[in-house]
Amino acid sequence: MRDAASAVLAAIGTTAQVTISDSERLDEATALMERRLAELDRAASRFRPDSELRLVQALGGGRHRVSGLLAEAVDAALWAARATNGIVDPTVGTALRDAGYDRDFEQVATRSRPPRAPGVVPGWRSVRINTARRELLLPAGVELDLGATAKALAADRIAREIHRRFSTDVLVSLGGDIAVAGWRDWDVAIGAPDGPVVRIGEGGLATSSTGKRRWTSTGRTLHHIIDPRTAVPADSPWLTVSVSARSCLAANTASTAAIVLGHQAPEWLAQHGLPARLVAPDGAATLVGDWPNDVP
Amino acid sequence: MTPDQRAAARNRVKELTGWIAGAATALTLGFAIGAARHAPAAESTAAATAAGAAATDTTEQQDATSSSYDDGLQAPSSTPSASAETPAATSGAS
């Protein structure tokens with residue numbers, strides 16, 4: 001990495017990294033990222049009992065006035081659902097809880113509770129958001145999981161804000177979902193620090209994996225990516241899918257959809273013109289679009 | 001133009017300026033009263049708090065109104081290329 005400075009901190013149940021060209025602004029950029037992530041956690045966390053999302057859901061079904069930040073997070077999640085025709089669906093909250101992922105992942109991985117029988121995912125069309133009026137229509141019993149899309153949206157926003165405020169090139173990584181802003185290119189390892197490296201100059205790069213956030217319960221191996229059609233973790237032929245897109249949110253949405261779509265994913269990604277790298281459990285990589293060949 | 005005509009013109013400008021300022025004030029008050037009438041008390045408080053926060057940082061307000069996902073599921077205009085450099089970050093690390 002050339003002439004850049006980085007900071008890493010733990011936030012929103014994952015690792016947050018900010019890397020900027022202007023090292024003198026690193027402390028300010030890190031503080032800004034930390035503040036924005038704390039705001040996001042208070043608004044949209046599925047695990048904090050005092051988060052705005054949890055409080056709204058506890059009120060029961062109906063129309064609720066919400067903060068601008070929660071409205072944006074719901075809007076982004078519903079956008080992802082529309083863009084993928086429901087393959088990425090924020091109403092999988094109950095299904096995730098039934099599978100056992102009902103608290104910060106560190107606690108999920110170290111306990112043994114059998115998964116509950118799968119129910120039915122209510123479907124994203126049952127939820128409405130009016131961002132101008134900050135009004136959320138949420139049917140009774142619907143639990144939202146905004147985690148992935150909210151995290152990606154936050155990466156995009158934080159990168160843009162740091163770039164604008166401090167006039168510096170910036171890379172923001174939230175749990176490996178990456179957004180960049182500025183003029184320079186960034187080199188990013190795929191899947192692991194010693195993985196193949198690609199250079200990106202704009203937008204976002206996200207990797208979804210069935211190998212991370214994975215736990216075992218009563219002899220079954222489970223992971224965090226729910227197929228909304230079955231309400232259980234997706235039975236995918238891909239261990240990881242990495243996608244480069246115009247934004248981190250778009251990249252995250254596409255990589256998650258590709259895990260769920262399984263064998264149809266390469267064609268779906270190609271139809272959207274998205275460069276992608278899909279890796280099977282045996283390590284075989286399938287490249288889509290303009291994704292470059294690995295450098296040996 | 002006679003001195004009387006100039007005085008009349010000055011008065012007319014003052015009247016117009018006053019009328020415009022008055023109308024602007026009335027409109028602002030009207031909007032404020034209308035907004036208060038249409039929002040329940042708790043929502044008004046929340047809206048006021050949000051408005052206050054936005055007023056203290058207009059750049060954040062600009063961020064909130066420009067969605068990063070307006071472009072849809074589109075590829076970046078510059079596609080990724082292979083690199084042998086030391087990476088700055090890892091995608092999918094956690």
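Worth knowing before you read on, the calculation uses all heavy atoms, side chains too, and leaves out hydrogens, waters and symmetry mates. All chains are named by letter (A, B, ...) in the order of the sequence lines, taking the proteins before the strands, and each is independently numbered beginning at 1.
- Proximity to chain B (any heavy atom under 4.5 Å) is restricted, for A/Ala206, to the backbone atoms N, CA, C and O.
- For A/Leu171 against B/Ala89, the heavy-atom pair with the smallest separation is CD2-CB, 3.7 Å.
- When A/Ala245, A/Pro196, A/Gly203 are compared by the number of non-hydrogen pairs under 4.5 Å with chain B, A/Ala245 comes out ahead.
- Residue A/Asp185 holds its CG atom at 6.5 Å from OG of B/Ser78, rounded to the nearest 0.5 Å.
- Taken from CG in A/Asp187 to OG1 in B/Thr90, the straight-line distance is 11.5 Å, to the nearest 0.5 Å.
- In this structure the side chain of B/Ser91 reaches within 4.5 angstrom of the side chain of A/Ile190, judged on heavy atoms.
- When side chains are defined from C-beta on, B/Pro80 does not count as touching A/Arg199, because their heavy atoms never get closer than 4.5 Å.
- Using a 4.5 Å cut-off between heavy atoms, A/Ser173 contacts chain B through its side chain alone, with no backbone atom that close.
- Taking OG of B/Ser83 as the start and CH2 of A/Trp186 as the end, the distance is 13.0 Å to the nearest 0.5 Å.
- Residues B/Ala75 and A/Pro275 approach most closely at CB-CD, 3.9 Å, considering heavy atoms.
- The heavy-atom pair separating B/Ala88 from A/Thr19 by the smallest distance is O-OG1, 4.3 Å.
- Most heavy-atom pairs under 4.5 Å with chain A, from the set B/Ser81, B/Ser77, B/Ala82: that is B/Ser81.
- When A/Thr207, A/Asp177, A/Thr240 are compared by the number of non-hydrogen pairs under 4.5 Å with chain B, A/Thr207 comes out ahead.
- The CD atom of A/Gln271 sits 12.0 Å away from the CG atom of B/Leu73 when rounded to the nearest 0.5 Å.
- In this structure, chain B has a heavy atom under 4.5 Å from the side chain of A/Ile178, while its backbone stays farther away.
- Of the possible donor and acceptor atoms, none in the side chain of A/Glu202 sits under 3.5 Å from a partner among the backbone N and O of B/Pro76.
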